[in-house]
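Right, one structure below, let's go through it.
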Amino acid sequence: EPEVTQTPSHQVTQMGQEVILRCVPISNHLYFYWYRQILGQKVEFLVSFYNNEISEKSEIFDDQFSVERPDGSNFTLKIRSTKLEDSAMYFCASNPGLADIQYFGAGTRLSVL
Amino acid sequence: SQQGEEDPQALSIQEGENATMNCSYKTSINNLQWYRQNSGRGLVHLILIRSNEREKHSGRLRVTLDTSKKSSSLLITASRAADTASYFCATETGANNLFFGTGTRLTVIP
């Protein structure tokens, strides 16, 4: 069964460093998302992406964040200068169309030291 | 905020019993989805119910939706130890992004 894959599973970085989290959505899906979950808290929407551009973003998704689909398969989330409070599990998701089931990857745990 | 709130926050039952979790939300929705998350792991989609539907079944899962009360419930029948996880409702309001609730942590005791 097709699945969303995320790499790495765990990323450790120093405060102020740039990180890139990678995702390979399901191949025939058109909509892509990033969510995050701070330990012990609820899952929060960050950004949605369609047709090579951001369609929605939350207040969390400030200028430090960016997303890109550099080729036909990868979907990346970049954090330019990480802060301690960016430590969280980051989930990528995709779906084939509007209001369809979103399929989530296993997540990348980001630890900012 | 259209984020859902689950009730109860935690639920502990014996294997074989039924587990019921409730979700309330605040705004109009296109659909409501239930997800499961094992500790520290990813989100697994369980069931999607659209705003014009009142009830859906999938195996041992039964979901109801009452749009007049802005609430949904997830029933897991004949629970198993392997059902131990956190369960989240998530609402989709037309912007195609999901707003998750706070979750119910279910523990099924063998």
Side-chain angles (χ1 to χ4, degrees), chain A residues 1-7 9-10 21 23 26 29-51 53-61 67 87-111, chain B residues 1-10 21 23-53 56 58 61 63 65 67 74 85-105:
Chain A
E1 186 175 331
E3 58 181 19
V4 176
T5 57
Q6 290 186 242
T7 55
S9 57
H10 190 191
L21 309 183
C23 169
I26 295 173
H29 286 187
L30 301 176
Y31 296 82
F32 315 115
Y33 312 84
W34 284 101
Y35 293 82
R36 80 170 186 191
Q37 184 181 33
I38 295 172
L39 185 64
Q41 298 187 23
K42 64 175 71 176
V43 176
E44 300 173 290
F45 167 74
L46 292 179
V47 65
S48 60
F49 192 86
Y50 169 71
N51 201 26
E53 59 183 31
I54 291 173
S55 46
E56 294 282 336
K57 60 181 181 178
S58 72
E59 292 177 352
I60 303 168
F61 194 87
V67 289
S87 294
M89 182 76 93
Y90 288 81
F91 293 105
C92 173
S94 69
N95 63 357
L98 288 173
D100 280 334
I101 295 168
Q102 292 188 20
Y103 294 88
F104 282 75
T108 292
R109 180 171 298 284
L110 177 65
S111 299
Chain B
S1 166
Q2 56 264 65
Q3 291 169 336
E5 297 293 331
E6 279 93 339
D7 167 54
Q9 290 187 341
M21 290 159 268
C23 168
S24 60
Y25 56 92
K26 296 180 181 177
T27 65
S28 297
I29 61 171
N30 280 345
N31 65 64
L32 186 144
Q33 304 182 34
W34 284 90
Y35 285 83
R36 163 200 169 118
Q37 183 181 37
N38 286 60
S39 181
R41 307 293 296 274
L43 294 158
V44 176
H45 186 268
L46 296 176
I47 200 163
L48 179 153
I49 187 165
R50 301 195 185 277
S51 61
N52 61 352
E53 297 175 310
K56 282 189 86 168
S58 177
L61 306 180
V63 168
L65 178 65
T67 52
L74 170 68
S86 291
Y87 292 81
F88 296 89
C89 68
T91 53
E92 195 275 311
T93 60
N96 209 29
N97 43 338
L98 294 176
F99 291 91
F100 282 81
T102 51
T104 293
R105 179 173 294 279

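Since the structure is predicted, the reported quantities are computational estimates derived from the model, not experimental observations. First the proteins, then the strands, lettered A, B, ... as listed; each starts at 1.
Scanning for ring-ring contact (aromatic ring centres under 6.0 Å, His included) contacts around Y35(A) gives F45(A), F104(A), F100(B), with sequence neighbours left out. Scored by the ring-ring contact (aromatic ring centres under 6.0 Å, His included) test, F49(A) finds F75(A) as partners (sequence neighbours excluded).
The number of heavy atoms from other shown groups lying within 6.0 Å of CD (Q9(B)) does not exceed 12. No more than 12 heavy atoms of other residues, nucleotides or ligands sit less than 6.0 Å from atom NZ of K57(A).
Looking at N31(B), the atoms closer than 4.5 Å to chain A (heavy atoms on both sides) all sit in the side chain, from C-beta outward.
Scanning both residues, D100(A) and L48(B), for their nearest heavy atoms gives C-CD1, 4.1 Å. Contact between Q102(A) and N97(B) at its shortest, heavy atoms only, is NE2-CA, 4.1 Å. The shortest non-hydrogen separation linking Q37(B) to Q37(A) is NE2-OE1, 2.9 Å.
The most heavy-atom pairs under 4.5 Å with chain A, out of L98(B), V44(B), N30(B), come from L98(B).
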